[in-house]
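To start, the structure itself, in structure tokens.
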Amino acid sequence: MRRRGESTLVSSIVLIGFALVIGVAMLSYSISLIAYYRSQVDLSTTLQSEVVNTLVNVVSYDNTTSTLWLLFKRIDGSKQGFFIVVEASGVYLNCSSILVYNPSRDSNSILCDEQNDCLNSSAVTKVTPDKVYVYEEGSVVDFSTYAKLRGYTLPNSIEVCRVPNVCEVANYPGACSASTFTKLLVPSSAGKVRVFLVVLFNNRPYIVNIYEVPLK
């Protein structure tokens, strides 16, 4: 009788231990799943916010100097900068070819004709195309796949450039209502420019909008 009782007790302990292991595993899985869905919601919210709060317009194109002027503006009054990738007929521009007008250094109201009245954009990351992601209609795909489907040229690496907000550059007080004028030095042979608006989320670049500008 004692052995049978001891055997039953051991079996019960084993079953309880097994149930605890299963319970801990399920709890851990549930926590991981909740964290994953929460991060996806945060990602979607962040990307959608950038789309609705960023305005990009073409100002002019000078074919004699192959210079394209764009206007960037924050609708929400934020002073944060803009992250972009620029492709001109298959050529991806370096950040040194993207300049920002600095009105606080301008003495004659002519854009970018004086020393320091235009600033270079800065490179924030340089990655292979499969490490860049495209957000479109609520789904995410890597840029390599996206570009191949649309016939875009794929470079060996993509440089993401930060365009500083004019309100940050000129130290404007209060909410930002000014527009950031950006100068792109494009190849003279380019017939079309694509400006990819990018968001950095957890150090990963996500393209959230694409602006196409025909030059010819």
Does Asn156, at its CG atom, have more than 12 non-hydrogen atoms belonging to other residues, nucleotides or ligands within less than 6.0 Å?
no

With a 4.5 Å limit on heavy-atom distance, are the side chains of Asn57 and Val59 in contact?
no

Can you name the residues that form a side chain to side chain contact (heavy atoms under 4.5 Å, CB included) with Glu50, not counting sequence neighbours?
Thr54, Arg74, Gln80, Leu197, Val199, Val208

Would you please test Glu168 and Lys79 for salt bridge (charged side-chain N to carboxylate O under 4.0 Å, His left out) and show each step?
CA-CA 6 Å; Glu168 169 194 355; Lys79 294 183 180 181; over 6 Å; no

I want to know whether Tyr133 and Phe201 have ring centres closer than 6.0 Å.
no

Sorted by chain and residue number, the side-chain hydrogen bond (donor to acceptor under 3.5 Å, both in side chains) partners of Asp76 (sequence neighbours excluded) come out as none

If you take all heavy atoms of Ser157 and Lys126, which pair is closest and at what distance?
OG-CE, 3.1 Å

Please identify each residue that fulfils ring pair (Phe, Tyr, Trp, His ring centres under 6.0 Å) with Phe72, with sequence neighbours left out.
Phe82

Inter- and intrachain pairs under disulfide (SG to SG under 2.5 Å), touching residues 66-97, at least two apart
Cys95-Cys161

What do the steps show when you test Ile98 against Val163 for side chain to side chain contact (heavy atoms under 4.5 Å, CB included), and what is the final call?
CA-CA 8 Å; Ile98 304 171; Val163 174; 4.1 Å; yes

Set of side chain to side chain contact (heavy atoms under 4.5 Å, CB included) partners for Thr128, sequence neighbours left out:
Asp130, Lys131

Who pairs with Thr65 by side chain to side chain contact (heavy atoms under 4.5 Å, CB included), at least two apart in sequence or on another chain?
Asp62, Thr67

